[in-house]
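Remember, predicted model here, so these are calculated numbers, not experimental data. Numbered from 1 within each chain, the chains take letters A, B, ... in sequence-line order.
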There are 2 protein chains.
Amino acid sequence: MLKITRKVEYALIALRHIQNNSSGTVASTKEIATTYGIPHQLLAKILQQMGREGLISAVKGPNGGYKISANLNEISLKDFFEKIEGPLGLMDCYFNSDCNQLKACNILTPIQRINQNMRDLFSKTSLQEITQ
Amino acid sequence: MLKITRKVEYALIALRHIQNNSSGTVASTKEIATTYGIPHQLLAKILQQMGREGLISAVKGPNGGYKISANLNEISLKDFFEKIEGPLGLMDCYFNSDCNQLKACNILTPIQRINQNMRDLFSKTSLQEITQ
DNA sequence: TCTATATACGATAATTTTAGTCGTATATAA
DNA sequence: TTATATACGACTAAAATTATCGTATATAGA
Ligand code: FES
Ligand code: FES
């Protein structure tokens, strides 16, 4: 409960690795996967997704790989989580209105408050704080 | 990702219901289950667990049920979550030392910091804030 | 004392989510 | 032309969550 997924952890590890790479060169999926013991194909998909989200950009072909293409200081952890995993909330009913218990639920209001606190926490933390 | 489980939500709903019950009487599993549409047997197990944890106490037999037996003001949401779901952390490596990536992981330190922030958030919120 | 009702609890099954793999296509440096 | 790297949809496997079953025990009330 309340865990980040491996997908997000792999994404963060890769992002930090790419950022700390010697300038001028790109970091390949293979290099990152072997360094941290991440399944290659899975990491590839995650990097492709981050590419589509504009966080990194790809260089194809031999000696190819990825480089950072966004200002990680301007992206919050909340936004990053939502780019990678979709809507962020303690419970489905925060976003998904067809939650079957919503009518009878007696804790909706207080839970929404706690939920907002958690979103605020991740909103005021930048990606850079993890990758720097 | 970062969701509370139904088990915890059911537990909170039940706790609030029991607390708001007319004084002198207890609330039965059946009453709570039908009121909120929670599977009866599942709720029963959760209430039994809360009983073992000292949060509520049971009265057996006809007209039986549960009543609050702890001061919910003195119990944090973090402690409650850990009573119900076990160790609370953004990632397994916070508690489980045989995390296979721990050696190579390049984001352990910053992730631990974020994790502590989340634990702090739930530590400074009391159960009473949800059930009152 | 008998019966209906309620909690106690381990075992198991179903479902959903997460994690990982496969196959194929495209781009490009050497 | 070949080796290497990204792109991506479909699929499979594993793990976690959610729910059910079966049986035992306690007790209020007829
Ligand atoms: S149904 Fe969303 S908090 Fe209960
Ligand atoms: S292995 Fe725990 S944060 Fe990476």
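Closest to the side chain of B:R52, out of C:dC9, D:dA19, C:dA19, is C:dC9. Each of C:dT7, D:dG22, C:dG20 was ranked by its minimum atom distance to the side chain of A:K45; first place goes to C:dG20. When distances run from any side-chain atom of A:Q48 to the nucleotides D:dA7, C:dT7, D:dT17, the shortest one goes to D:dA7. Closest approach to the B:K60 side chain among D:dA26, C:dT18, D:dA7 is made by D:dA26 (side chain taken as heavy atoms from C-beta onward). The A:A58 side chain lies nearest to D:dA7 when the options are D:dA7, C:dG20, D:dT17. Among the nucleotides C:dA19, D:dA28, C:dA6, the one closest to the side chain of B:N63 is D:dA28. Side-chain proximity of B:S28 to C:dT7, D:dA7, D:dG22: nearest is C:dT7. Nearest to the side chain of A:P62, among C:dC9, D:dA3, C:dT7, sits D:dA3.
Whole-Å rounding puts the B:L42 CG to D:dG22 P distance at 17 Å.
Contacts of B:G65 with the nucleic acid, taken as non-hydrogen atoms under 4.0 Å apart, involve only primed sugar atoms and P, OP1 or OP2.
Positionally, the nearest nucleotide of DNA chain C for B:A44 lies more toward the 5' end than for the other of B:A44 and B:K3.
By the neighbour-count criterion of 12 heavy atoms within 6.0 Å, atom NZ of A:K67 is sparsely surrounded, having that number or fewer from other residues, nucleotides or ligands.
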